[in-house]
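Please read the structure below before turning to the comments.
Numbering starts at 1 and runs along the sequence shown.
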Amino acid sequence: MRFVLAILLTALLGYILGLFLPWWAIAIAAFLVALIWQQRPVRAFASGFLAIFLLWGILAFVADVRNDHILGNRMSELIAGTRNPWILITVSAIIGGLVAGMGALSASVLRPAAKKAA
């Protein structure tokens with residue numbers, strides 16, 4: 001249950017921070033959630049990764065559908081050499097997931113050290 005709540009809170013906080021801050025604010029959102037809710041490092045990484053992977057995947061899909069896949073087709077043809085917007089959506093989601101996962105992992109590893117020092 002804590003894992004699912006961490007995913008939901010990270011996605012919500014990542015979306016809200018993404019409205020006002022640069023794209024890398026997702027790492028801050030994942031860091032804060034993992035700092036508040038202590039989890040093992042693997043679970044913290046997984047919750048941060050899944051939250052932003054799903055968030056960015058959904059946001060990229062909605063943006064792609066709104067413009068009838070024109071931008072997705074052109075960019076995927078330019079980058080991958082094939083007209084498949086799913087490649088662009090997947091790559092975007094993976095990059096966002098990795099950034100958020102590393103932010104959550106950092107907080108998870110940092111928290112036990114902070115407790116020992118205090």
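Under a 3.5 Å cut-off, the side chain of T90 and the backbone N or O of W86 do form a donor-acceptor pair. A distance-only check finds a donor-acceptor pair linking the side chain of S76 to the backbone of N84 [under 3.5 Å].
To the nearest 0.5 angstrom, L71 atom CG is 7.0 Å from L88 atom CG. Atom CG of residue L55 and atom CD1 of residue I26 lie 8.0 Å apart, to the nearest 0.5 angstrom. To the nearest 0.5 Å, atom CG of residue L8 and atom CZ of residue F3 are 10.5 Å apart. Summarising the geometry, atom CD1 belonging to I79 is positioned 9.5 Å from atom CD1 belonging to I87; distances are rounded to the nearest 0.5 Å. With values rounded to the nearest 0.5 angstrom, H69 atom NE2 is found 7.5 Å from I89 atom CD1. To the nearest 0.5 angstrom, F31 atom CZ is 11.0 Å from L105 atom CG.
There is no path of hydrophobic side-chain contacts, each under 4.5 Å, that joins W23 to V62. Cluster annotation: V99 is connected to Y15 through the hydrophobic network of ILVMFWY side chains, with a link wherever side-chain heavy atoms come within less than 4.5 Å. Follow the hydrophobic side-chain contacts under 4.5 Å out from L50 and you never reach F61; the two are in separate clusters. Linking Ile, Leu, Val, Met, Phe, Trp and Tyr whenever their side-chain heavy atoms come within less than 4.5 Å leaves L9 and M102 in two separate clusters. Clustering ILVMFWY residues whenever any of their side-chain heavy atoms sit less than 4.5 angstrom apart, transitively, puts I58 in a cluster other than the one holding W56.
Side-chain contact between S108 and F45 is absent, with no heavy atoms from C-beta onward closer than 4.5 Å. Here the side chains of N73 and E77 are not in contact, with every heavy-atom distance at 4.5 Å or above. Within the 4.5 Å cutoff, side-chain heavy atoms of L13 are placed close to those of L17.
Taking both residues in full, the closest heavy atoms of A34 and A44 are given as CB-CB, 4.5 Å, listed atom of the first, atom of the second, then distance. The two residues A107 and L35 have their closest heavy-atom pair at CB-N, 3.8 Å.
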